[in-house]
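See structure below.
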Amino acid sequence: EAQVTQNPRYLITVTGKKLTVTCSQNMNHEYMSWYRQDPGLGLRQIYYSMNVEVTDKGDVPEGYKVSRKEKRNFPLILESPSPNQTSLYFCASTPTGGGEKLFFGSGTQLSVL
Amino acid sequence: GEDVEQSLFLSVREGDSSVINCTYTDSSSTYLYWYKQEPGAGLQLLTYIFSNMDMKQDQRLTVLLNKKDKHLSLRIADTQTGDSAIYFCAEGYTDKLIFGTGTRLQVFP
């Protein structure tokens, strides 16, 4: 089944403790991205990647890192999480960046205490 | 910068039509999208419209685009309880989509 898989689904952590949210897609898509969803703000793009080893900042990249060593994986790294990073995170992928349908993962609810 | 605005809530009776509105600022957008988010799930693409179109119909869904006013609407005919969700409009290309704040649609019997 074609899908975007994120792990974990829920995560509670403390300020400053490094964490990684994994994202994997099985559709051989070139383009992947991360969004965060906050009430009243909609979805905001954190980082995106057009292909392996090609990443770029979105609208709210501060406090986040990403890597794209393989086509299928695009992990989101929080080196030193802070409470303002408490949010619902979505990974998405699409074949190219030209207007096709975005496939979204089921989301990761992160709480930073 | 680009901005996309939606009203936050809409409540309709089952069987009525729902109209969800969206305004955007980037007149160069080629595509405009409607996504649906059900509780506990990611977003699913409902439909999209090219900027050179005025209307698109897909079964119970009708999308209207007023380019002059930069206004996009989604009409759901014969709204069902299964349509209860958050609806997001978005503009731009897939690698740089700007999402609205989302409209929570509640359908009551």
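All values below were derived from every heavy atom in this structure, side-chain atoms included, with hydrogens, water molecules and symmetry-related copies excluded. Throughout, a chain's letter reflects where its sequence line sits, starting with A, and its residues are numbered from 1.
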* Can you tell me which residue pairs pass the disulfide (SG to SG under 2.5 Å) test with a partner in residues 9-94 of chain A, sequence neighbours excluded? => C23(A)-C91(A)
* Counting only heavy atoms closer than 4.5 Å, note whether L43(A) contacts chain B via side chain, backbone, both or neither. => both
* Approximate separation, where rounding is to 0.5 Å, of F88(B) CZ and L43(B) CG -> 5.5 Å
* Considering residues, nucleotides and ligands other than K65(A), do more than 12 of their heavy atoms fall under 6.0 Å from its NZ? -> no
* Pull out the residues in residues 6-15 of chain A that come under 4.5 Å of chain B, heavy atom to heavy atom, sorted by number. => R9(A)
* Asked: Do any of residues 99-109 of chain B come closer than 4.5 Å to chain A, heavy atom to heavy atom, and if so which ones, in number order?
  -> F99(B), G100(B), T101(B)
* Could I get the full list of ring-ring contact (aromatic ring centres under 6.0 Å, His included) partners for Y89(A), not counting sequence neighbours? => Y64(A)
* Any chance CD of Q59(B) has more than 12 other-residue heavy atoms, nucleotides or ligands included, within less than 6.0 Å? -> no
* Is it the case that N73(A) and E70(A) place a side-chain donor and acceptor less than 3.5 Å from each other? -> yes
* Any ion pair linking D58(B) and K56(B) (charged N to carboxylate O, less than 4.0 Å)? -> no
* Where does Q44(B) contact chain A at under 4.5 Å (heavy atoms): side chain, backbone, both or neither? -> neither
* **Heavy-atom proximity to chain B below 4.5 Å, by part of D38(A)** => neither
* Just do the side-chain contact (heavy atoms from CB on, under 4.5 Å) check on V63(B) and L32(B) with the steps written out, would you? => CA-CA 10 Å; V63(B) 178; L32(B) 295 129; over 6 Å; no
* Decide if the gap between the ring center of Y35(B) and the ring center of Y87(B) is smaller than 6.0 angstrom. => no
* For residues R68(A) and T55(A), is any side-chain donor paired with an opposing acceptor at under 3.5 Å? -> no
* Does one side chain, of Q80(B) or D78(B), offer a donor that lies under 3.5 Å from an acceptor on the other? -> yes
